K.L.:
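Got a structure for you, written out below as structure tokens; questions coming shortly.
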Amino acid sequence: MKRIHKERDRLLRRLARVTGFVGATSAFACLLVPGSATPVEFIVATLTNVAIVALVGIHSTRGQLLPALGVVAGAIVLIVALGTASVLDSATVTSMAITGGVTSASVAISLIVRPRGPLLVGALVVAVLVSVWIVSAWGHDLRAVAVVIVAGWTACMTLGAWIDRAIADASERIDEVGRAHEAERLASELEAQQRQDARVLHDTVLATLSLLAHSGVGVGPSALRQQAGDDARLLRQLRLGAPLDAGSTAIFSPDSSDDELGTTFEAVRQRFARMGLDVNWHGAGRLALPRETLDALLGALGECLENVRRHAGVNEADVTVTDDDRTVRAMVTDTGRGFEPDAVDGARLGYAESVVGRLHTVGGRARVFSSPGSGTTVMLEVPKP
């Protein structure tokens with residue numbers, strides 16, 4: 001908001017400068033008409049215009065009040081000085097009107113938005129009109145000059161107020177857009193967190209419950225107890241709204257800041273070894289990846305191995321990791337019963353969220369190749385930083 005007000009003031013001062021310079025130049029040009037002013041009046045008018053132009057420049061650059069008051073005072077001096085002549089021709093009257101209704105009125109563009117600006121501008125208009133009244137008292141008919149002065153000041157005040165109102169409206173709309181964006185961001189974060197909680201529940205608690213439902217076939221009692229304890233810890237964290245260990249969003253995550261796939265894969269292998277699935281590791285053992293990317297890859301990899309354990313009908317799977325300059329690929333292969341990928345229900349959380357959804361959040365992707373009786377291969381790809 002402060003920046004908007006600063007830019008508003010800069011715009012108003014710029015308009016005031018242009019208006020003041022045009023007014024002073026036009027008023028001085030009128031005095032160049034032969035016979036419109038005596039040499040003394042011309043010298044006084046020249047010096048006064050120079051002072052007015054200088055004060056307009058100072059006011060429009062710094063936005064100070066005293067230079068603006070000096071502009072009005074200079075305009076009053078010029079009107080009174082020109083009014084001392086016994087006879088006023090049309091060029092002189094025009095110069096007086098421009099000085100009072102354009103040059104001096106230019107300061108109203110920026111002053112109108114100041115605190116108590118309307119009162120200040122009103123007082124300055126009255127001061128200029130008083131100077132015209134004084135000159136009229138010497139026998140000159142300056143009603144047209146007074147009309148021009150009132151019209152000029154009114155136009156400048158209206159212009160400044162309109163710009164101020166327009167900028168205020170734009171600022172309100174910007175605030176509304178900002179609030180809407182913030183609400184959308186919070187909603188997106190909440191949705192992402194809910195989806196992540198669903199993935200964690202699917203990958204841990206639901207997998208353990210599935211084991212219990214099948215009487216823990218192939219899994220020892222100690223492994224079941226350890227797995228149930230890990231799941232209870234995760235549930236407690238989710239219930240309390242606390243982040244997962246070390247800020248991780250994956251169930252297999254390094255405890256240190258050394259995000260190397262070779263050190264974290266051991267947790268994956270040990271977890272599935274407890275549950276009766278031997279995982280053979282092939283390929284690169286040390287791949288430096290950002291924490292978020294590593295978590296997504298390991299979470300998707302763990303879900304693929306869980307699917308092998310639960311559905312493939314075998315107790316062994318192979319994981320092959322390769323990489324190039326742009327991509328890390330992890331291929332999970334089993335020789336189990338296989339399935340028809342197109343026949344899988346898209347509403348199931350396992351592959352859609354825990355694999356595809358995880359990788360999508362970091363710009364990765366997953367592809368599955370399988371057919372009944374021919375085993376399954378899943379290719380996981382994540383980008384390198």
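This chain uses plain numbering: 1 for the first residue, then up along the sequence. Worth saying up front: this structure is predicted, and the values here are computed from it rather than measured.
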K.L.:
Take atom CZ in Arg179; do more than 12 heavy atoms of anything else shown fall under 6.0 Å from it?
P.N.:
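Enclosed: over 12 neighbouring heavy atoms sit under 6.0 Å from CZ of Arg179.
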K.L.:
Is it true that, when you exclude Arg185 itself, more than 12 heavy atoms of the residues, nucleotides or ligands shown sit nearer than 6.0 Å to its CZ?
P.N.:
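Result for CZ/Arg185: enclosed.
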K.L.:
Evaluate the side-chain contact (heavy atoms from CB on, under 4.5 Å) criterion for residues Glu381 and Arg367: first the C-alpha distance (whole Å), next the side-chain angles of each, then the deciding distance (0.1 Å), finally the verdict.
P.N.:
CA-CA 9 Å; Glu381 298 181 349; Arg367 291 177 290 172; 2.7 Å; yes
K.L.:
Only one of Thr322, Thr377, Asp318 forms a side-chain contact (heavy atoms from CB on, under 4.5 Å) with Met331, so which one is it?
P.N.:
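Exactly one pass, corresponding to Thr377.
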K.L.:
I'd like to know if Val130 and Val128 are part of one continuous hydrophobic network [Ile/Leu/Val/Met/Phe/Trp/Tyr, side-chain heavy atoms within less than 4.5 Å].
P.N.:
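In one cluster: yes.
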K.L.:
In sequence, state the C-alpha distance, the side-chain angles, and the governing distance for Phe28 and Thr103, and then conclude on side-chain contact (heavy atoms from CB on, under 4.5 Å).
P.N.:
CA-CA 11 Å; Phe28 184 73; Thr103 307; over 6 Å; no
K.L.:
Establish whether Val145 and Trp153 are linked, either directly or via other cluster members, by ILVMFWY side-chain heavy-atom contacts under 4.5 Å.
P.N.:
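Yes.
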K.L.:
Applying a strict under-4.5 Å side-chain criterion to I, L, V, M, F, W and Y, I'd like to know whether Val321 and Val355 cluster together.
P.N.:
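Yes, one cluster joins them.
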K.L.:
Do the side chains of Val102 and Val22 get nearer than 4.5 Å, heavy atoms only?
P.N.:
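No. Closest side-chain heavy atoms not under 4.5 Å.
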K.L.:
So, Asn49 versus Thr46: side-chain donor-acceptor pair below 3.5 Å or not?
P.N.:
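Side-chain D/A pair, Asn49 to Thr46: absent.
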K.L.:
Please tell me whether Ile98 and Leu129 are part of a single hydrophobic cluster in this structure, the criterion being side-chain heavy atoms less than 4.5 Å apart.
P.N.:
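No, it is not one cluster - the side chains of Ile98 and Leu129 are not joined through contacts under 4.5 Å.
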K.L.:
If you look at every heavy atom in Leu88 and Gly83, which pair is closest and at what distance?
P.N.:
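Closest approach of Leu88 to Gly83: CD2-CA, 4.3 Å.
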K.L.:
Return yes when atom CD of Glu340 has more than 12 non-hydrogen atoms of other residues, nucleotides or ligands closer than 6.0 Å, and no otherwise.
P.N.:
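It does: Glu340 CD has more than 12 such atoms within range.
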K.L.:
Considering non-hydrogen atoms only, spot the tightest contact between Val279 and Arg269 and give its length.
P.N.:
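Answer, listing the atom of Val279 first, then Arg269: O-CG, 4.0 Å.
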K.L.:
For a 4.5 angstrom cut-off between non-hydrogen side-chain atoms, does Lys384 reach Asp325?
P.N.:
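They are not in contact (no side-chain heavy atoms under 4.5 Å apart), so the answer is no.
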K.L.:
Any link between Val314 and Phe339 through a network of hydrophobic side chains (Ile, Leu, Val, Met, Phe, Trp, Tyr) touching at under 4.5 Å?
P.N.:
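As far as the 4.5 Å side-chain criterion goes, Phe339 and Val314 are connected within one cluster.
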K.L.:
So, for Val56 and Ala16, which heavy atoms are closest and what is the spacing to 0.1 Å?
P.N.:
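Heavy atoms of Val56 and Ala16 come nearest at CG1-O, 4.1 Å.
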K.L.:
Hey, what do you get for OG (Ser374) to CG (Asp334), rounding to the nearest 0.5 Å?
P.N.:
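If we round to the nearest 0.5 Å, Ser374:OG and Asp334:CG are 11.0 Å apart.
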